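Source: prediction; values computed, not measured.
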Amino acid sequence: MSHEHVSYLELLARGAATEAYDRPVLLARASGAGPEALAELEEAKQLALRVRAELEGRRRREAELSALFATAHDLAGLRDLDAVLRAIVQRARSLLGTEVAYLSLNDPAAGDTYMRVTEGSVSARFQQLRLGMGEGLGGLVAQTARPYVTDDYFDDARFQHTRTIDTAVRDEGLVAILGVPLSLGSQVIGVLFAADRRARVFEREQVALLGSFAAHAAVAIDTANLLAETRSALAELERANDIIREHSGVIERASEVHDRLSELVLHGGGVHDVADAVSEVLGGTVEFSDEGAGAARRAGGHAVREGDDWVAAVSAGGESLGALVLHGQPDLDPVDQRTLERAALVTSLLLLARRSAGEAEQRVRGELLDDLLDAPDRDRRLLKERAARLRTDSEAPHVVLAARVDRAGGTAGPDAGGRESADRQRLWSAATHLAATRHGLASARDGGTVLLLPLGPGESAAELARQTARSLGGTLREPVTVGASAPVRAPLDRPDQVAVAYQEARRCLDALLLLHRSGQGAAAEDLGFLGLLLADGRDIDGFVDRTIGQVVSYDRRRGTDLVRTLDAYFASGMSPARTKDELHVHVNTVAQRLERVGRLLGPDWQSPSRALEIQLALRLHALSDAVTGK
């Protein structure tokens, strides 16, 4: 590895800024490096920058997910509303990288919205600002219940500019502003903002992230209001004792379910754990359904009654993830309805976390296999550590499989490219799922998918290829052709053999397609003498044994001359009369021997394809005997 390549690794290791990656190229140019070396160095720089961007994206996604879970934890243990709202605003400012973040609440009595919490603000005028409904960016968000973003507020004519608002915004020095609504169902109770004192473009992911924080803030405010209402009811105990008792039971259930949901989130519980916890607390049966939530989704987050059931939509960023359905409690208290809604919110967080973890594992499996194929000189210890984290048995024999979708009738037409791309994506998705269930690896490559799967006890490469073709074809409902390599012993001990095995698997796949065996799976051992040519190991003994092994064994056990008879039979143009002259035996003896051969090799042994393989096996057997002196 050259010194310049090491420099890029050092830059990646210490998280250097983007402009630092130009330095190795500039130094090489200054030292008089040639065009070829500069081109190679430029390519290395671009690769390093792509790795840096991927690492930065992963760090950002991890930080976002961590902040969401931390916010859920703060919400579950809510004691001080101001502290939770300040934490939400601080995290929003930090993760979006803005100079200012703030939160406003609607005042129904005054008919406007006012600043509640600010972070990074330096202007007292701005911190005391009140906006009429529809005025400015925040007033428009509060009025329409939709997020709005502008990269230059003062040049944006979509908003109703007033002297009071513009003076406060200019006093704070804000230019780019993003605002998302704080909603409880269809009711907007405020707005969460992130802003910069310079022009910038907010990405869609940043808008969705701020929306997630806004959802947490709305729940925190609603919970605080609920607790305040409970305290007021308790203060009027003598006047409304019956109401208090009823509310006390509901609040206890809400508190219990909040504690249990918090514990589930912190200890890695699943969706069905959430359903079981809510079922026990609410006294009914809660089920998670991954089908559309229907009316519940249209209700904007509220639980709705459908017949004798209650349904709360599970969604995130406008995407429907399913619903929680409560059976057996048709007369549900409003507070218990909120409990069901909050359980749906926690369920959406768990589903997003599971999806993120699953996508990350798929990428890691593909990256490990890509390294085995493209960079077999990697540190074997590190490769084994990565495989262990994926629960892959690196010591077991593995088979490399090359898979490709074979759409009936081809893919000609104006949409051929789109269909091929969709087929490759579906194949990759099915292959990664199969690899995960079998503790193997999968990656997209060469217009198809490559898999590295362990062999089961007593399983052959050919059997694994056929199983894989059936499994992938059944999932995609399209023919999937699979070629397999010979087994690779402990592939992480010999990573250079994985790339060799992949080429063998591809040759086997191409042979299947040429033989019009689309939708099947096979290894070289299934393809007769063609497999002998395709296989990298050239298993001549195995080919001879599979083709005429029974005849050879019969001669050895009985002392017969079936092999010599076959040689003479083919040398005589498959004529029994000329064969008997060659062997100096009666023609009936030739017929009896050939009948015995037919019983050993099967009735089709004289078909053109079988006869060709048998003749090749006879020649190889004779050569082997000559070499070993038998």
Please set out all donor-acceptor pairs under 3.5 angstrom arising from side-chain atoms of residues 169-179, sequence neighbours excluded.
| residue | atom | partner | partner atom | Å |
| --- | --- | --- | --- | --- |
| D171 | OD2 | S123 | OG | 2.8 |
| E172 | OE1 | S121 | OG | 2.7 |
| E172 | OE1 | V122 | N | 3.3 |
| E172 | OE1 | S123 | N | 3.0 |
| E172 | OE2 | V122 | N | 3.0 |
| E172 | OE2 | R197 | NH2 | 2.6 |

* Asked: Is a donor on one side and an acceptor on the other found under 3.5 Å between the side chain of Q206 and the backbone of E203?
  -> yes

Practice problem: Could you tell me whether the side chain of V89 reaches within less than 4.5 Å of the side chain of L192, counting heavy atoms only? | Solution: yes

Separation between CG (L210) and CZ (R93), nearest 0.5 Å, reads 14.0 Å

- Given side chain to side chain contact (heavy atoms under 4.5 Å, CB included), test Q90 with E119 step by step and report yes or no. CA-CA 6 Å; Q90 289 168 357; E119 179 70 15; 3.6 Å; yes

For P147 and V180, the nearest pair of non-hydrogen atoms, with its separation, is CB-CG1, 3.8 Å

Sorted by chain and residue number, the salt bridge (Lys or Arg N to Asp or Glu O under 4.0 Å) partners of D155 (sequence neighbours excluded) come out as none

Residue pairs passing the ring-ring contact (aromatic ring centres under 6.0 Å, His included) test with at least one member in residues 118-145, sequence neighbours excluded, are Y102-F126

Interatomic distance, OG1@T144 vs CE@M133, rounded to 0.5 Å, equals 9.0 Å

Residues passing the side-chain hydrogen bond (donor to acceptor under 3.5 Å, both in side chains) test with D166, sequence neighbours excluded, are H161

Going through the distances and angles, do I189 and Q187 end up as a side chain to side chain contact (heavy atoms under 4.5 Å, CB included)?
CA-CA 6 Å; I189 63 172; Q187 179 186 4; 4.2 Å; yes

CG of L85 to CZ of R116, rounded to nearest 0.5 Å, is 5.5 Å

Taken in chain and number order and not counting sequence neighbours, the residues that satisfy side-chain hydrogen bond (donor to acceptor under 3.5 Å, both in side chains) with S183 are none

Residues passing the salt bridge (Lys or Arg N to Asp or Glu O under 4.0 Å) test with E135, sequence neighbours excluded, are none

For L96 and A194 the tightest heavy-atom approach is CD2-CB, 3.8 Å

Which of V191, L103, N106, V188 passes side-chain contact (heavy atoms from CB on, under 4.5 Å) with L182? Answer is L103

d(H327 NE2, E287 CD) to nearest 0.5 Å is 4.0 Å

Trace of the side chain to side chain contact (heavy atoms under 4.5 Å, CB included) decision for V207 with Y148: CA-CA 9 Å; V207 177; Y148 277 88; over 6 Å; no

With sequence neighbours left out, the residues meeting side-chain hydrogen bond (donor to acceptor under 3.5 Å, both in side chains) with T98 are none

One should read off an interatomic distance between T150 OG1 and R200 CZ, to the nearest 0.5 angstrom, of 12.5 Å

Residues passing the side-chain contact (heavy atoms from CB on, under 4.5 Å) test with T449, sequence neighbours excluded, are L427, W428, A431, L451

Closest non-hydrogen contact found for A442 with A435 is CB-CB, 3.8 Å

inquiry  = Quick check: do L129 and T164 have side-chain heavy atoms less than 4.5 Å from each other?
reply    = yes

The side-chain contact (heavy atoms from CB on, under 4.5 Å) partners of S94 (sequence neighbours excluded) come to none

message = Quick check against the 3.5 Å criterion: does T113 have a side-chain atom that pairs as donor or acceptor with the backbone of L105?
response = yes

With sequence neighbours left out, the residues meeting salt bridge (Lys or Arg N to Asp or Glu O under 4.0 Å) with R204 are none

The side-chain contact (heavy atoms from CB on, under 4.5 Å) partners of R130 (sequence neighbours excluded) come to D107, A110, D112, Y114

side-chain hydrogen bond (donor to acceptor under 3.5 Å, both in side chains) filter on Q160, not counting sequence neighbours, yields none

The reported gap from CG in L137 to CZ in F193 (rounded to nearest 0.5 angstrom) is 6.5 Å

